[in-house]
Colleague: 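What follows is a structure written as structure tokens; I'll ask about it next.
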Amino acid sequence: RAIITLGLNGFLERVAVPLLRRIGDEWHAGRLSPALEHFASSTLYDIIVERMRSFTPRSDAPSILVATPAGERHAIGAALVGAHAAVEGWRVIYLGADLPAADIVDAAIATHIDVVALSVLYVEDAERAVGEVLAVRSRLPLRVPLFVGGGGAIALRRDLTAAGIYVTGNVTDVYDKAS
């Protein structure tokens with residue numbers, strides 16, 4: 001009902017993102033079991049991806065490839081980016097979670113992508129996470145901007161921006177800077 005009432009962007013901004021933050025806070029505080037956290041997150045993920053795939057891109061639409069780099073198993077941030085792009089009329093190539101840099105770049109080149117957006121929510125190994133994102137940037141054609149967002153990306157901002165990678169905590173930054 002919230003999607004119908006608020007539209008997909010309204011749902012994402014006013015319902016999904018705040019709810020996901022609350023779920024994460026409750027899980028971190030030990031007040032929500034891992035099973036309930038997974039159930040709630042996967043339900044929201046399914047809703048977001050289903051709606052993202054229901055949009056038809058504009059005929060002149062730019063294209064965006066959305067994924068998470070190897071080691072990042074949390075795909076919901078990537079799904080939020082893809083859904084927002086779909087609402088904006090973009091052609092979305094959504095690859096999901098935990099992909100090696102070479103596979104991300106191969107898909108971007110094969111689909112003639114305009115923008116690549118990676119989601120990094122949780123960083124267990126900062127060196128590995130930075131290495132994966134830098135590997136994407138080094139293999140990606142220079143004409144293709146690379147955006148990395150999420151809480152984990154913010155923690156890695158210094159290393160990533162030094163390599164010419166856009167780091168953002170706000171999904172709309174991708175479209176504002178890439179358009």
Side-chain angles (χ1 to χ4, degrees), residues 12 20 24 38 41-42 44-46 48-58 60-179:
L12 297 175
L20 287 165
H38 281 230
S41 297
S42 69
L44 277 171
Y45 174 83
D46 291 346
I48 292 164
V49 170
E50 179 184 328
R51 293 300 302 152
M52 172 183 62
R53 292 186 172 142
S54 72
F55 283 85
T56 302
R58 300 185 323 256
D60 64 339
S63 57
I64 185 168
L65 181 141
V66 185
T68 77
E72 175 60 69
R73 297 176 311 176
H74 299 88
I76 198 147
L80 291 167
V81 171
H84 189 77
V87 170
E88 296 298 318
W90 288 50
R91 181 174 63 94
V92 178
I93 306 299
Y94 179 73
L95 301 181
D98 198 15
L99 288 170
D103 292 333
I104 292 169
V105 173
D106 288 349
I109 291 169
T111 57
H112 309 286
I113 221 70
D114 295 309
V115 176
V116 171
L118 302 178
S119 176
V120 179
L121 295 181
Y122 182 71
V123 176
E124 287 183 32
D125 179 345
E127 186 176 325
R128 178 180 179 199
V130 168
E132 284 295 322
V133 175
L134 293 178
V136 171
R137 177 67 277 166
S138 71
R139 292 177 168 109
L140 201 59
L142 289 176
R143 68 167 179 75
V144 179
L146 174 59
F147 288 83
V148 183
I154 300 302
L156 305 173
R157 180 186 303 264
R158 186 181 60 195
D159 292 327
L160 299 179
T161 56
I165 298 165
Y166 298 101
V167 178
T168 181
N170 183 343
V171 69
T172 58
D173 285 349
V174 175
Y175 314 104
D176 294 343
K177 291 180 182 174
S179 297

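Position 1 is the first residue of the sequence, and the numbers go up from there. All values derive from a computational prediction rather than experimental measurement.
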Colleague: Over all heavy atoms of both residues, which pair between Ala75 and Ala97 is shortest? Give the atoms and the distance, please.
Modeller: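 Heavy atoms of Ala75 and Ala97 come nearest at CB-CB, 3.8 Å.
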Colleague: Which value, rounded to the nearest 0.5 Å, describes the distance between Arg137 atom CZ and Leu142 atom CG?
Modeller: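 The distance works out to 6.0 Å.
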Colleague: For the OG1 atom of Thr111 and the CZ atom of Arg91, what is their distance to the nearest 0.5 Å?
Modeller: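 Nearest 0.5 Å value for the OG1-CZ distance: 5.5 Å.
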Colleague: For Phe55 and Val87, which heavy atoms make the closest approach, and how far apart are they?
Modeller: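 Taking every non-hydrogen atom into account, CZ-CG2, 3.7 Å.
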Colleague: Please test Ile64 against Asp114 for side chain to side chain contact (heavy atoms under 4.5 Å, CB included), starting from the C-alpha separation and ending with a verdict.
Modeller: CA-CA 6 Å; Ile64 185 168; Asp114 295 309; over 6 Å; no
Colleague: Please name the residue in the list Ile109, Ile104, Val105 that meets the side-chain contact (heavy atoms from CB on, under 4.5 Å) test with Arg139.
Modeller: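 The residue from Ile109, Ile104, Val105 that satisfies side-chain contact (heavy atoms from CB on, under 4.5 Å) with Arg139 turns out to be Val105.
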Colleague: Taking the side chain as C-beta and beyond, is there a heavy-atom pair between Val167 and Leu156 under 4.5 Å?
Modeller: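 Not in contact.
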Colleague: Quick one, Leu146 with Val133, criterion side chain to side chain contact (heavy atoms under 4.5 Å, CB included). Give me CA distance, side-chain angles, the key distance, then yes/no.
Modeller: CA-CA 9 Å; Leu146 174 59; Val133 175; 4.1 Å; yes
Colleague: Quick one: CG on Leu65 to NE2 on His112, what's the gap to the nearest 0.5 Å?
Modeller: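 If we round to the nearest 0.5 Å, Leu65:CG and His112:NE2 are 13.0 Å apart.
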Colleague: With side chain to side chain contact (heavy atoms under 4.5 Å, CB included) as the test, would you mind laying out the steps for Ser41 and Leu20 before giving the verdict?
Modeller: CA-CA 7 Å; Ser41 297; Leu20 287 165; 4.2 Å; yes
Colleague: I need the single residue from Val120, Leu99, Val130, Asp103 that forms a side-chain contact (heavy atoms from CB on, under 4.5 Å) with Pro69. Which is it?
Modeller: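 That would be Val120; it is the only one of Val120, Leu99, Val130, Asp103 passing the side-chain contact (heavy atoms from CB on, under 4.5 Å) with Pro69.
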Colleague: Heavy atoms only: give me the nearest Ala153-Leu160 pair and the separation to one decimal.
Modeller: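 So the two residues come closest at O-CD1, 4.3 Å.
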Colleague: With rounding to the nearest 0.5 Å, note down the distance linking CG in Leu95 to CG in Leu118.
Modeller: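 The CG atom of Leu118 is 9.5 Å from CG of Leu95, to the nearest 0.5 Å.
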Colleague: Could you state the interatomic distance from CG (Leu12) to CD1 (Ile48), rounded to the nearest 0.5 Å?
Modeller: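 One finds 5.5 Å between CG of Leu12 and CD1 of Ile48.
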Colleague: Do other residues, nucleotides or ligands put more than 12 heavy atoms under 6.0 Å from Arg157 CZ?
Modeller: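 Yes - once you tally the heavy atoms of other residues, nucleotides and ligands closer than 6.0 Å, there are more than 12.
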Colleague: Taking the side chain as C-beta and beyond, is there a heavy-atom pair between Glu72 and Leu121 under 4.5 Å?
Modeller: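 A side-chain contact under 4.5 Å exists here.
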Colleague: Looking only at non-hydrogen atoms, find the nearest pair between Ala79 and Met52 and report the distance.
Modeller: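 Heavy-atom minimum between the residues: O-SD, 4.3 Å.
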Colleague: Are any non-hydrogen side-chain atoms of Val115 and Pro62 less than 4.5 angstrom apart?
Modeller: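 They are not in contact (no side-chain heavy atoms under 4.5 Å apart), so the answer is no.
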Colleague: Report the relative orientation of the aromatic rings in Tyr166 and Phe147; use parallel for angles under 30°, tilted for 30 to 60°, perpendicular for over 60°.
Modeller: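 The arrangement is parallel - the two ring planes meet at less than 30°.
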Colleague: Do Asp159 and Leu134 pass the side chain to side chain contact (heavy atoms under 4.5 Å, CB included) test, and can you show the C-alpha distance, the side-chain angles, and the key distance before you say yes or no?
Modeller: CA-CA 9 Å; Asp159 292 327; Leu134 293 178; 5.9 Å; no
Colleague: Write down the atom of Glu88, the atom of Arg58, and the distance for their closest heavy-atom approach.
Modeller: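 Scanning both residues completely, I find the closest heavy atoms to be O-NH1, 2.7 Å.
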Colleague: Work out which heavy atom in Asp98 is nearest to a heavy atom in Gly71; give both atom names and the distance.
Modeller: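 So the minimum-distance heavy-atom pair works out to OD1-N, 2.6 Å.
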